[in-house]
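Please read the structure below before turning to the comments.
Naming: A, B, ... by sequence-line order, numbering from 1 per chain.
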Amino acid sequence: MTELPPLKADLALRLRSVRRLRLRSLWQMLLVLFALALLLPLCANGYWIKTLVSAAAIATAVSGSALLYGQLGLVSLCQYALVGVGGWTALRLSHGLHWPFELCVLAAGIAASATGMIAGLPALRMKGLYLALVTLMMAGGYQVLISAMGFPDGGEGWLGRAQGTDRVLMARPALAESDGGYLTYAMLWLAAILGLVEWHKRSKPGRAWALIRRGEAAANAAGVDVLRYQTWAFGLAGFCAGVGGAILAGGVGQLDGRAFGASESVMLFALSVVGGVYHWLGVLLAGLLLRAVPALLTDYGVNGYLATMFFGASLVHALTTAQRGIAGQWLDGIAALSHRLRGSRVTPGVRHD
Amino acid sequence: MIDIQNVTVQFGGLKAIDSLSVQLTDPVCGLIGPNGAGKTTLVNVLSGFARVRQGCVLIDGESLLEKSPVQRVRWGLRRSFQTEQVVEDLTVWDNVLALLEQVEPPRRQQAEKVGWVLEYTGLEAVANALGAHINLFQRRKLELAKALVGAPRVLLLDEPGAGINEQEAAELRTLILGVHTLCGAQVLLIDHDVELIKSTCSQTLVLDFGRLLAVGPTLDVLNAPQVRSAYLGT
């Protein structure tokens, strides 16, 4: 084809304005997360700092689950098992090979990403309930495996299990040895992961995923290699979970196999929907719901397990009336408020166009 | 040129296409037939969505059936569906870009190419609108814009004018007629609208029960007694 004429000036201008808006929303997200990373350690007490570290780690994993459901419409119920895979890898490498913390986090992400791709293989043939059931079975399998193996805690051998008082905690990064510093560190990892996910959503893979969500026939007719892009999405979701697992392991110092039941994966997915899978705010909310709400109830002397009942009611609410989750409702509210405030500035009888 | 040689497609005991051999040579060809004639099945065969039991298809001398659906798109085959496939949460621009970036290496005049097809289809004004916010005619034109981007060789348009009014159909006709001059691609148009076929296609193929009923210059075919009896009911 011969050289095409350049874009018309007005179209180029409008495109630039859309790109600017998209970039601005990305910067807004990063600014909010950086502000939270700096302010939260100053505002929270020791108990809440630990809770928020855990919430940030879980939110990192939720970003993967939200990506799969929001971008591709795929229900994966093994995301918390992938958190466990990441946690196990990070602990093993930290105790066994004494790798720097950041390398342990990246290796955890890669290990969980590879596992996530395997978990995603059934998605090439099945969707909806069947995929949900298959991935739930995988989470069940992991529950059995990790209950038998346990997490590494500084011992010898391939499993790295220690006996009695020889158990050691995972070394934190030198810059973030205090709990407050570690919360900032965990929030920065969350910002990096959300940035990575948002970049994917706004570029070529995001557009390919949108076509796959529209329909496999539409995607094929547009030249999208469905196998490659679905595997990519499962790999990225697994990476998010693995990083979350490593951050969780670093926060607590060790992990307990009993906390990685299949039901945790179901809860993580359900609260991703409640929080909202289409916006990064929903990811933060899901992390808070999973960790901060039970902690809040405990703070008020109420049994934290009651949260499960509230979560069930919230899920019914989200599925029936608020499909963009709490984040969607908040964003709509903010938009309506801003519209009203802008409207109130309009002088009656004067045109402002 | 689309050269279909002895193609048979069978679903269980049903022959959806039965030993079809035909050559479509004109820049804009029509494909008509009553419901269940095998029109969409033939489009599915050409685009790789249905497998043939026997036969082969050559386009410009190149064998098509060995290629996967994705390889066919990258080769230059485009199709639209009876139900439009616009992605509602992507902008009009991104809907076109999503296809272009799958078929061509990135960056090479990408924006100009998308802008060019949007200008041709008259969608420049809504380039930044979400797919959910454009009307049915704009969605139909967007399907055509997607088919035109990235050096297409053959366009298979399955009822591109479904649901639009007379005035819009006239505009769509003009756009389809200009495709060959614009990019050199051959168009195979599948539609129930005989007026659309008559005014755009110089060669028309008629199928009935999966078999070739007639092929030739459109007016001759539409006036053939067997076509009037089987398809037009007169």
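Here B:K141 pairs with B:E171 in a salt bridge; the nearest charged N to carboxylate O distance falls below 4.0 Å.
Ring geometry, A:W209 versus A:H200: the interplanar angle falls under 30°, so the pair is classed parallel (tilted spans 30 to 60°).
With a threshold of 4.5 angstrom between heavy atoms, B:A147 does not approach chain A through any atom at all. Residue contact with chain A, scored on non-hydrogen atoms closer than 4.5 Å, involves the backbone and the side chain of B:E84 alike. Using a 4.5 Å cut-off between heavy atoms, B:D94 touches chain A through backbone and side chain atoms alike.
Interface remark: of the candidates B:L77, B:V86, B:V114, B:T91, B:V86 forms the most heavy-atom pairs closer than 4.5 Å to chain A. Ranking B:Q71, B:Q85, B:E119, B:R74 against chain A, the residue ahead of the rest is B:Q85, based on heavy-atom pairs under 4.5 Å.
For the residue pair A:R207 and B:N95, no side-chain donor N or O sits within less than 3.5 Å of a side-chain acceptor on the partner.
Screening A:L288, A:L190, A:L268 against A:I58 for a side chain to side chain contact (heavy atoms under 4.5 Å, CB included) leaves a single residue, A:L268.
No side-chain heavy atom of B:L189 sits under 4.5 Å from any side-chain heavy atom of B:L31.
Between B:Q102 and A:A222 the shortest heavy-atom distance is CB-O, 3.5 Å. Listed here is the closest heavy atom pair of B:R72 and B:L46: NH1-O, 2.9 Å.
Shown here is A:W330, whose CH2 atom has no more than 12 heavy atoms of other residues, nucleotides or ligands within 6.0 Å.
Scanning residues 8-24 of chain A against chain B with a 4.5 Å heavy-atom cutoff picks out A:K8, A:L11, A:R14, A:L15, A:V18, A:R22, ordered by number.
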